[in-house]
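Residue numbers count from 1 along this sequence.
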Amino acid sequence: MGKIKEKYLKDAITEYSKRLSRYCKLEIIEVADEKIPDQASKTVEASIRNKEGERLLKYIRDDMYVITLELGGKMLTSEEFAEKIEMLGVQGKSSIAFVIGGSIGLGKEVLRRSDFALSFSKMTLPHQLMRVVLLEQVYRGYRIINGEPYHK
């Protein structure tokens, strides 16, 4: 969800995208997020999550394995994450969609479509920064899969 505006984040995304190009085909799809009014009610927030979810689901194909990033998702070590990516490939699930929600989370339909809920931390992180963290971990995962050195 949302566009990346900060140059330093764009630079990091470009760098990790370039590094990943030797391991996989990467496509980053930015979906417009909704403006959230101050003091929005739970009903308004649910409506916003659903609108954003509809936009996200347009890009998710039936053959994709969907990993949603969620606070309540399963936490994995870098090695476990690499193993998950490798096993999906072995199982013929080579198209993986990682979904990062907006600032108020993901809509019910997106959560329903998720095949795996992943959490990087119990802390809330800005979704723009989360994109960089995710790309770094996917890159690290491919380095692990290929037996290449990486920093521990």
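Note that CZ of Arg143 is 13.0 Å distant from OG of Ser78, once rounded to the nearest 0.5 Å. If you take CD on Glu52 and CD on Glu34, they are separated by 6.0 Å, rounding to the nearest 0.5 Å. A distance of 11.5 Å separates OG in Ser17 from CD in Glu27, rounded to the nearest 0.5 Å. With values rounded to the nearest 0.5 angstrom, Lys42 atom NZ is found 8.0 Å from Arg49 atom CZ. For the atom pair Ile85 CD1 and Gln137 CD, the distance stands at 9.0 Å (nearest 0.5 Å). Residue Ser95 holds its OG atom at 11.0 Å from CG of Asp62, rounded to the nearest 0.5 Å.
Remark: of the listed residues Ile67, Leu106, Leu69, Leu106 is the sole one forming a side-chain contact (heavy atoms from CB on, under 4.5 Å) with Val99.
For the pair Val31 and Arg55, the tightest heavy-atom approach, listed with the atom from each and the gap, is CG1-CB, 3.2 Å. The two atoms that bring Met1 and Asp33 nearest to each other are CE-CA, 3.6 Å, heavy atoms only. In this structure, Gly73 and Ser119 approach most closely via the heavy-atom pair O-CB, 3.4 Å. Gly107 and Asn50 make their closest contact through CA-OD1, 4.1 Å (heavy atoms, listed as atom of the first residue, atom of the second, distance). Contact between Ile48 and Pro37 at its shortest, heavy atoms only, is CD1-CD, 4.0 Å. Closest of all the heavy-atom pairs between Leu71 and Met123 is CD2-O, 3.5 Å.
Between Leu26 and Val138, every side-chain heavy-atom pair lies at or beyond the 4.5 Å cut-off. Side chains of Lys122 and Met75 form a contact here, defined as non-hydrogen atoms less than 4.5 Å apart. With contacts defined as side-chain heavy-atom distances shorter than 4.5 Å, the pair Gln91/Tyr65 does not qualify. Phe116 is not listed as a side-chain neighbour of Leu88, based on a closest heavy-atom distance of 4.5 Å or more. Side-chain contact between Glu15 and Asp11: absent, with no pair of heavy atoms (C-beta onward) separated by less than 4.5 Å.
The main-chain N or O of Glu70 is never found under 3.5 Å from a side-chain atom of Thr68 such that the two would form a donor-acceptor pair. Between the side chain of Thr14 and the backbone N or O of Lys10, at least one donor-acceptor pair lies under 3.5 Å. Glu109 places no side-chain N or O within donor-acceptor distance of the main-chain N or O of Glu54, the cut-off being under 3.5 Å. At distances below 3.5 Å, not a single donor-acceptor pair connects side-chain atoms of Arg131 with backbone N or O atoms of Ile13.
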(request) Apply salt bridge (charged side-chain N to carboxylate O under 4.0 Å, His left out) to Lys84 and Glu80, showing your working. (result) CA-CA 6 Å; Lys84 177 95 178 148; Glu80 290 168 336; over 6 Å; no
(message) Let's go through Ile144 and Phe81 carefully: what are the C-alpha distance in whole Å and the side-chain angles of both, what is the deciding distance for side chain to side chain contact (heavy atoms under 4.5 Å, CB included) to 0.1 Å, and is it a yes or a no?
(response) CA-CA 10 Å; Ile144 293 168; Phe81 184 59; over 6 Å; no
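Tracing side-chain contacts under 4.5 Å through hydrophobic residues (I, L, V, M, F, W, Y), one reaches Tyr16 starting from Tyr8; they form part of the same cluster. Placement of Val110 and Ile104 in two distinct hydrophobic clusters is found when ILVMFWY residues are connected by side-chain heavy-atom separations under 4.5 Å, directly or transitively. Leu111 and Ile96 sit in two unconnected hydrophobic clusters of ILVMFWY residues. Membership requires side-chain heavy atoms under 4.5 Å apart, directly or through other members. Met87 and Leu76 fall into different hydrophobic clusters, where Ile, Leu, Val, Met, Phe, Trp and Tyr side chains are chained together by heavy-atom contacts under 4.5 Å. When the side chains of ILVMFWY residues are joined at heavy-atom separations under 4.5 Å, either directly or via intervening members, Leu129 and Ile100 end up in a single hydrophobic cluster.
No hydrogens or angles considered: a donor-acceptor pair under 3.5 Å links the side chains of Glu148 and Tyr23.
Within 6.0 Å of CD in Glu83 there are 12 or fewer heavy atoms belonging to other residues, nucleotides or ligands.
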